[in-house]
Amino acid sequence: MTQPALPGVTYTATRDVPLDELTRYPGNPRRGDVEALRASVRRHGQYRSLVVRDTGTQLVVLAGNHTRDALKAEGAATARCEIIECDDDQARRINLADNKLAELGHYDEEDLAAMLVGLDGDLEGTGWSASEVARLVSAELPAGFPAYDESIAEGLLNPAIHTCPNCGHTFTGGEAA
């Protein structure tokens with residue numbers, strides 16, 4: 001399978017690599033939740049490849065260091081890896097990008113709640129807790145925060161027009177407030 005060329009990166013193969021042949025990226029700044037990843041591995045297995053740099057002398061994990069740790073802790077012998085070749089600068093950038101870019105996204109909480117509720121309470125291996133699901137589903141308002149009132153919104157979107165009985169001046173309901 002031919003992959004499109006990326007700047008500074010050459011894709012060479014996808015293969016299972018013995019975990020003992022994989023070196024963690026030196027200085028990886030990310031501290032992952034290996035226990036949560038272990039739970040995911042137990043439930044789902046390895047569903048995403050590690051991104052590994054072939055330096056010619058070693059195979060260095062650029063993306064998936066904590067997944068590698070979880071696989072090893074769960075007794076796996078190998079990990080499925082996307083093997084690439086790149087220079088030191090590109091390797092550093094890939095590691096940093098992989099660690100940061102997912103953080104830049106956000107959730108649509110309505111869609112998230114629907115997906116989580118669809119699991120019927122079986123959250124094993126998802127990283128989500130029952131209390132997080134309860135918070136999403138209940139969507140309780142903070143103390144003192146008024147509930148949404150459609151009549152107020154309707155009045156703001158379609159303000160009533162009023163006429164002063166004394167002077168005849170007309171104004172909208174929003175101006176009267």
Side-chain angles (χ1 to χ4, degrees), residues 1-119 121-140 142:
M1 169 174 29
T2 303
Q3 297 291 322
L6 299 174
V9 173
T10 302
Y11 167 84
T12 62
T14 299
R15 68 176 191 264
D16 284 340
V17 176
L19 290 171
D20 292 338
E21 293 179 19
L22 296 173
T23 302
R24 295 182 100 260
Y25 186 78
N28 181 21
R30 186 77 168 172
R31 302 299 179 258
D33 187 338
V34 175
E35 290 307 309
L37 289 167
R38 287 182 72 181
S40 177
V41 165
R42 282 191 299 273
R43 179 66 185 251
H44 313 294
Q46 182 188 357
Y47 57 83
R48 182 180 3 208
S49 296
L50 309 183
V51 177
V52 175
R53 176 186 182 204
D54 185 350
T55 67
T57 58
Q58 60 182 348
L59 296 172
V60 180
V61 179
L62 302 182
N65 284 278
H66 300 99
T67 299
R68 173 210 168 270
D69 296 346
L71 288 164
K72 190 167 192 164
E74 288 300 311
T78 63
R80 186 177 50 262
C81 301
E82 300 287 327
I83 311 296
I84 64 170
E85 293 176 353
C86 62
D87 64 24
D88 290 344
D89 180 68
Q90 194 70 19
R92 180 178 299 112
R93 290 174 185 281
I94 290 168
N95 178 264
L96 289 168
D98 187 68
N99 286 329
K100 179 65 176 173
L101 294 178
E103 290 177 22
L104 299 178
H106 66 279
Y107 289 102
D108 177 303
E109 290 195 2
E110 188 175 311
D111 288 343
L112 176 60
M115 286 189 75
L116 289 167
V117 167
L119 296 177
D122 181 4
L123 303 173
E124 181 186 359
T126 66
W128 293 94
S129 69
S131 63
E132 289 171 312
V133 175
R135 181 193 62 79
L136 282 166
V137 172
S138 69
E140 292 181 23

## Note on the structure
d(T78 OG1, L19 CG) to nearest 0.5 Å is 6.5 Å
### Summary
In terms of heavy-atom contacts, L62 and C86 come closest through CD1-SG, 4.2 Å
### Message
Looking only at the side chains, is there a donor atom on one of T55 and Q58 sitting less than 3.5 Å from an acceptor on the other?
### Response
no
### Over all atoms of both residues, closest heavy-atom pair of R24 and V60
O-CG1, 4.2 Å
### Query
Between atom OG1 of T14 and atom CD1 of I83, what is the distance when rounded to the nearest 0.5 Å?
7.5 Å
#### Entry: D98 side-chain N/O to I94 backbone N/O, donor-acceptor pair under 3.5 Å
no
### Query
Please, which pairs that meet salt bridge (Lys or Arg N to Asp or Glu O under 4.0 Å) have at least one residue in residues 28-41, sequence neighbours excluded?
R30-E103, E35-R38, R38-E74
### Task
Before giving the answer on side-chain contact (heavy atoms from CB on, under 4.5 Å), spell out for L116 and V137 the whole-Å C-alpha distance, their side-chain angles and the decisive distance to 0.1 Å.
CA-CA 9 Å; L116 289 167; V137 172; over 6 Å; no
### Query
Any side-chain heavy-atom pair from T67 and S40 closer than 4.5 angstrom?
no
#### Entry: Distance in Å, Q90 CD paired with R53 CZ, rounded so as to fall on 0.5 Å steps
10.0 Å
### Pair W128-L119, side-chain contact (heavy atoms from CB on, under 4.5 Å): steps then yes or no
CA-CA 11 Å; W128 293 94; L119 296 177; over 6 Å; no
### Polar side-chain atom of R43 near backbone of T126 as donor-acceptor pair, under 3.5 Å
no
### Query
Hey, does the side chain of E21 reach the backbone of P18 with a donor-acceptor pair shorter than 3.5 angstrom?
no
### Query
Between L50 and G64, what is the shortest heavy-atom contact and its length?
CD2-O, 3.4 Å
### Query
Quick one: does N28's side chain get under 4.5 Å of V61's, heavy atoms only?
no
### Query
Is the backbone N or O of R80 less than 3.5 Å from a side-chain atom of Q46, with the two atoms forming a donor-acceptor pair by type?
yes
### Message
If I compare all heavy atoms of S129 with all of E132, which pair ends up nearest, and what's the gap?
### Response
N-OE1, 2.8 Å
### Query
When you look at D87 and R93, which way does the salt bridge (charged side-chain N to carboxylate O under 4.0 Å, His left out) test go after all the steps?
CA-CA 10 Å; D87 64 24; R93 290 174 185 281; over 6 Å; no
#### Entry: Within residues 104-119 or reaching into it, pairs that qualify as side chain to side chain donor-acceptor pair (under 3.5 Å) - sequence neighbours excluded
none
### Task
Just do the side-chain contact (heavy atoms from CB on, under 4.5 Å) check on D69 and L37 with the steps written out, would you?
CA-CA 9 Å; D69 296 346; L37 289 167; over 6 Å; no
### Message
Would the distance check show the side chain of S49 and the main-chain N or O of E82 forming a donor-acceptor pair, the cut-off being under 3.5 Å?
### Response
no
### Non-hydrogen side-chain atoms of L59 and C81 separated by less than 4.5 Å
no
